[in-house]
Amino acid sequence: MTSLRADCPCGSGTAYDACCGRLHRGAAQAATPEELMRSRYAAYAVGETDYVWRTWHPRTRPDSVAQDPDLRWTGLDIVATGPDWVEFVARYETPSGPGELREHSRFARRAGRWFYLDGDVG
(Lines give C-alpha, C1' and ligand atoms only; values in the text may rest on other atoms or scores of the structure.)
Protein backbone atom coordinates (compact mmCIF):
# COMPACT_ATOMS: atom_id res chain seq x y z
CA MET A 1 0.00 0.00 0.00
CA THR A 2 1.21 3.50 -0.79
CA SER A 3 2.19 5.73 2.12
CA LEU A 4 -0.53 8.25 2.95
CA ARG A 5 2.01 11.09 2.57
CA ALA A 6 3.52 9.89 -0.71
CA ASP A 7 2.47 11.41 -4.02
CA CYS A 8 -0.55 9.71 -5.51
CA PRO A 9 0.26 7.21 -8.29
CA CYS A 10 -2.33 8.92 -10.52
CA GLY A 11 0.15 11.71 -11.25
CA SER A 12 -1.81 14.57 -9.69
CA GLY A 13 1.14 15.70 -7.56
CA THR A 14 -1.13 15.50 -4.50
CA ALA A 15 -0.57 13.18 -1.54
CA TYR A 16 -2.25 9.79 -2.00
CA ASP A 17 -4.45 10.22 1.08
CA ALA A 18 -5.83 13.58 -0.13
CA CYS A 19 -6.24 12.37 -3.71
CA CYS A 20 -7.23 8.84 -4.69
CA GLY A 21 -6.82 7.38 -1.21
CA ARG A 22 -9.98 9.16 -0.03
CA LEU A 23 -11.89 7.54 -2.91
CA HIS A 24 -10.40 4.10 -2.25
CA ARG A 25 -11.50 4.15 1.38
CA GLY A 26 -15.00 5.47 0.53
CA ALA A 27 -14.65 8.94 2.07
CA ALA A 28 -15.60 10.54 -1.28
CA GLN A 29 -16.94 9.62 -4.72
CA ALA A 30 -15.33 10.53 -8.04
CA ALA A 31 -16.94 13.71 -9.37
CA THR A 32 -15.91 13.17 -13.01
CA PRO A 33 -14.94 10.33 -15.34
CA GLU A 34 -11.33 11.57 -15.26
CA GLU A 35 -11.23 11.48 -11.46
CA LEU A 36 -12.65 7.94 -11.53
CA MET A 37 -10.14 6.88 -14.19
CA ARG A 38 -7.24 8.29 -12.17
CA SER A 39 -8.49 6.60 -8.99
CA ARG A 40 -8.85 3.26 -10.77
CA TYR A 41 -5.30 3.52 -12.14
CA ALA A 42 -4.04 4.38 -8.64
CA ALA A 43 -6.01 1.42 -7.24
CA TYR A 44 -4.21 -0.94 -9.60
CA ALA A 45 -0.89 0.70 -8.65
CA VAL A 46 -1.42 0.24 -4.90
CA GLY A 47 -3.23 -3.12 -5.03
CA GLU A 48 -6.76 -1.89 -4.18
CA THR A 49 -8.43 -4.28 -6.63
CA ASP A 50 -11.65 -4.33 -4.57
CA TYR A 51 -12.06 -0.63 -5.44
CA VAL A 52 -11.52 -1.41 -9.13
CA TRP A 53 -14.27 -4.05 -8.95
CA ARG A 54 -16.67 -1.76 -7.02
CA THR A 55 -16.27 1.04 -9.57
CA TRP A 56 -16.88 -1.22 -12.59
CA HIS A 57 -20.42 -0.96 -13.96
CA PRO A 58 -22.44 -3.99 -12.77
CA ARG A 59 -23.56 -4.69 -16.35
CA THR A 60 -19.99 -5.12 -17.65
CA ARG A 61 -17.76 -5.99 -14.69
CA PRO A 62 -16.02 -9.34 -14.39
CA ASP A 63 -16.67 -11.75 -11.53
CA SER A 64 -13.41 -10.66 -9.90
CA VAL A 65 -10.40 -8.43 -10.49
CA ALA A 66 -6.95 -9.88 -9.83
CA GLN A 67 -3.63 -8.09 -9.48
CA ASP A 68 -0.79 -9.33 -11.72
CA PRO A 69 2.11 -9.79 -9.27
CA ASP A 70 4.67 -9.41 -12.09
CA LEU A 71 3.35 -6.03 -13.24
CA ARG A 72 4.19 -2.67 -11.61
CA TRP A 73 2.34 0.45 -12.78
CA THR A 74 4.77 3.34 -13.27
CA GLY A 75 2.89 6.31 -14.74
CA LEU A 76 -0.30 7.71 -16.19
CA ASP A 77 -0.92 10.31 -18.90
CA ILE A 78 -4.40 11.58 -19.68
CA VAL A 79 -4.56 12.21 -23.44
CA ALA A 80 -8.09 13.61 -23.73
CA THR A 81 -11.40 13.68 -21.86
CA GLY A 82 -15.05 14.09 -22.71
CA PRO A 83 -18.33 14.16 -20.80
CA ASP A 84 -18.36 10.37 -20.36
CA TRP A 85 -14.99 9.13 -21.64
CA VAL A 86 -11.25 9.35 -20.97
CA GLU A 87 -8.37 8.48 -23.26
CA PHE A 88 -5.16 7.60 -21.42
CA VAL A 89 -1.77 5.93 -21.58
CA ALA A 90 -0.71 3.89 -18.54
CA ARG A 91 2.91 2.76 -18.29
CA TYR A 92 4.12 -0.35 -16.51
CA GLU A 93 7.16 -2.53 -15.86
CA THR A 94 7.31 -6.33 -16.03
CA PRO A 95 10.23 -8.73 -15.66
CA SER A 96 10.51 -8.68 -19.47
CA GLY A 97 10.66 -4.87 -19.62
CA PRO A 98 8.51 -1.75 -19.83
CA GLY A 99 5.21 -1.42 -21.65
CA GLU A 100 2.15 0.75 -21.96
CA LEU A 101 -1.60 0.39 -22.12
CA ARG A 102 -3.54 2.84 -24.30
CA GLU A 103 -7.28 2.93 -23.81
CA HIS A 104 -10.32 5.00 -24.68
CA SER A 105 -12.50 4.29 -21.63
CA ARG A 106 -16.24 4.88 -21.38
CA PHE A 107 -18.06 5.71 -18.16
CA ALA A 108 -21.70 5.78 -17.11
CA ARG A 109 -23.41 7.56 -14.26
CA ARG A 110 -25.68 5.39 -12.14
CA ALA A 111 -27.49 6.46 -8.97
CA GLY A 112 -25.40 9.64 -8.91
CA ARG A 113 -22.05 7.80 -9.12
CA TRP A 114 -19.62 7.32 -12.00
CA PHE A 115 -18.73 3.76 -13.06
CA TYR A 116 -16.25 2.39 -15.60
CA LEU A 117 -18.32 0.86 -18.39
CA ASP A 118 -15.81 -0.45 -20.94
CA GLY A 119 -12.94 0.62 -23.16
CA ASP A 120 -11.19 0.22 -26.46
CA VAL A 121 -7.53 -0.76 -26.09
CA GLY A 122 -5.24 0.31 -28.83
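Given the structure is predicted, the values throughout are model-derived calculations rather than measurements.
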key: Electrostatic pair Asp84-Arg109, nearest N-O below 4.0 angstrom   =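 Between Arg109 and Asp84 there is no salt bridge, as every charged N stays at least 4.0 Å from the carboxylate O atoms.
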List for me each residue that meets salt bridge (Lys or Arg N to Asp or Glu O under 4.0 Å) alongside [X], sequence neighbours excluded, and say none if there are none.
{"X": "Asp50", "answer": "none"}
{"X": "Arg113", "answer": "none"}
{"X": "Glu35", "answer": "Arg22"}
{"X": "Asp120", "answer": "Arg106"}

task = Mind running side chain to side chain contact (heavy atoms under 4.5 Å, CB included) on Val89 and Leu76 for me, showing each step along the way?
result = CA-CA 6 Å; Val89 177; Leu76 175 68; over 6 Å; no
Is there a side-chain contact between [X] and [Y] in this structure, where contact means two heavy atoms from C-beta onward sitting under 4.5 Å apart?
{"X": "Arg40", "Y": "Tyr51", "answer": "yes"}
{"X": "Trp73", "Y": "Arg91", "answer": "no"}
{"X": "Trp53", "Y": "Thr49", "answer": "no"}

Residue list, side chain to side chain donor-acceptor pair (under 3.5 Å) with Thr74, at least two apart or on another chain =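 Thr74: no side chain to side chain donor-acceptor pair (under 3.5 Å) contacts found.
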Residues in side chain to side chain donor-acceptor pair (under 3.5 Å) contact with Tyr92, at least two apart in sequence or another chain =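 So Tyr92 forms no side chain to side chain donor-acceptor pair (under 3.5 Å) with any residue.
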query = Which distance, rounded to the nearest 0.5 Å, do you find between the SG of Cys19 and the CG of Asp7?
reply =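 Cys19 SG to Asp7 CG: 9.5 Å, rounded to 0.5 Å.
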ask   = Nearest 0.5 Å, what's the CZ-OH distance between Phe107 and Tyr116?
value =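 OH of Tyr116 is found 7.0 Å from CZ of Phe107.
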